[in-house]
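Notes follow the structure.
Whatever order the structure lists ligands and atoms in, that order sets their numbers, starting from 1.
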Amino acid sequence: MRHLMSPLDFSVDELYQLLDLANDIEANPEKYAHACAGKKLATLFFEPSTRTRLSHEAAMLNLGGSILGFSSADSSSAAKGETVSDTVQTVSCYSDIIAMRHPKEGAPMVASKNSSVPIINAGDGGHHHPTQTLTDLLTIRSLKGRLDNITIGLCGDLKFGRTVHSLIEALVRYENVKFVLISPEELRLPSYIRKDVLDKENIPYAEVERLEDALPELDILYMTRVQKERFFNEEDYIRMKDFHILDANKMQLAKEDMFVLHPLPRVNEIAVEVDTDPRAAYFKQVQYGVYVRMALILTLLGIEV
Ligand code: NCD
């Protein structure tokens, strides 16, 4: 039985297969419409979500399966003090596969040790968000035609942003990927990723504070929200929250074929006027998120169409 805890759980070859499957699903959705008939996906969300929960659910429904679950810790027995392990042992009896989001780093890993069905980590604290990474990789490959030979700017809350942490770990496996880390000093990428991932693998990267200094050289700009819920005090958040705002003016500095991605939700970091720029790809990215989660569910359940 296979779980998805980190983006590195799939080898580079397996990942290409998964992305190919997602592209085939995009091109031939009817072929997959009944692939999961009789199967159930449970979504256990102990932390808020719009896209990740609903895209897992849409993915299972598109495959002809059904869904159950809860969308907040308050509406589950966690509110009565039940452990993750007990919740998962219970929900394994009701479902064939589980997607779980939790504010504590490592909670989905604990779940996977106590589950009789595959567990998908749908985000654990500031740690990993592997299904967002699969979405990001599918988006980049679909739009640019490649995952190697790119310069990617990661902008915003690189300290707490789990999507950034997972994406960096996934992208260092491809040739000639350069990173430009764009953040205020206080929200720099944690040293455990800078040292243990980038430095260790001799990956080229630069750190800058201003978006303007990075924009001209980027093939992909990955914007992120300042992660309010992971700050210890509100004043720090307020000071940081509008540090970077991408607007139409700044977009003029970027290449014609650069794409802007964002895992969403957006707060202030991308002005709404950018949405009509053909390079704005964040809502396309949402659509890719459904295809890739369909491919993931099929792969973890071992279903071939
Ligand atoms: C992200 C998350 O939950 O980490 N959202 C998502 O799943 N698309 C990004 C965020 O909340 O900022």
Side-chain angles (χ1 to χ4, degrees), residues 4-7 22 41 43-59 69-73 98-108 119-140 152-171 181-184 187 189-190 193 220-231 236-237 240-246 259-270 275 280-294 296-297:
L4 179 70
M5 291 297 120
S6 125
L41 164 81
T43 49
L44 311 187
F45 276 58
F46 297 86
E47 225 191 26
S49 167
T50 299
R51 273 147 296 266
T52 306
R53 185 171 63 84
L54 296 182
S55 63
H56 276 98
E57 295 187 354
F70 53 81
S71 56
S72 78
I98 294 174
M100 177 180 167
R101 169 172 288 189
H102 202 284
K104 285 224 174 85
E105 287 80 3
I119 302 282
I120 297 170
N121 175 4
D124 61 326
H127 188 216
H128 270 310
H129 194 342
T131 66
Q132 182 64 47
T133 298
L134 299 180
T135 303
D136 302 338
L137 296 179
L138 179 65
T139 308
I140 296 170
I152 179 166
L154 300 153
C155 177
D157 188 346
L158 309 187
K159 180 177 181 188
F160 296 116
R162 58 192 170 196
T163 61
V164 166
H165 303 164
S166 290
L167 184 57
I168 290 176
E169 292 204 6
L171 279 176
L181 307 173
I182 311 156
S183 74
L187 299 179
L189 191 71
I193 301 178
I220 298 285
L221 171 61
Y222 193 92
M223 294 294 295
T224 63
R225 155 185 87 89
V226 177
Q227 305 278 301
K228 181 178 186 193
E229 66 277 32
R230 309 206 198 284
F231 274 73
D236 287 347
Y237 169 70
M240 292 290 119
K241 75 181 173 66
D242 294 329
F243 197 94
H244 293 111
I245 299 180
L246 180 68
F259 287 102
V260 183
L261 273 61
H262 190 311
L264 303 177
R266 131 177 80 185
V267 186
N268 270 337
E269 58 281 355
I270 302 180
D275 296 3
Y282 26 94
F283 289 109
K284 278 188 205 141
Q285 196 180 348
V286 171
Q287 181 64 63
Y288 285 123
V290 180
Y291 302 136
V292 92
R293 289 180 177 103
M294 290 170 74
L296 176 67
I297 290 170

Quiz item: Residues two or more places apart in sequence or in another chain: which of them pass salt bridge (Lys or Arg N to Asp or Glu O under 4.0 Å) with Arg293?
Solution: none
Exercise. Determine the minimum heavy-atom distance between Thr224 and Asp157, stating which atoms define it.
Key: OG1-N, 3.1 Å
Self-check item: Test: Glu229 and Arg162 ion pair at under 4.0 Å
Solution: no
Quiz prompt | side-chain contact (heavy atoms from CB on, under 4.5 Å) against Asp242, all qualifying residues, sequence neighbours excluded | solution =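 Here the qualifying residues are Ile245, Asn268.
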Self-check item: Contact residues of ligand 1, where a non-hydrogen atom lies under 4.0 Å away
Solution: Thr52, Arg101, His129, Gln132, Arg162, Thr163, Arg225, Gln227, Pro263, Leu264, Pro265
Quiz prompt | Contacts of type side-chain hydrogen bond (donor to acceptor under 3.5 Å, both in side chains), residue His262, not counting sequence neighbours | solution = Glu269
Self-check item: Ser166 side chain vs His128 backbone, donor-acceptor pair below 3.5 Å
Solution: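 Flag not set: sc Ser166 to bb His128 has no pair under 3.5 Å.
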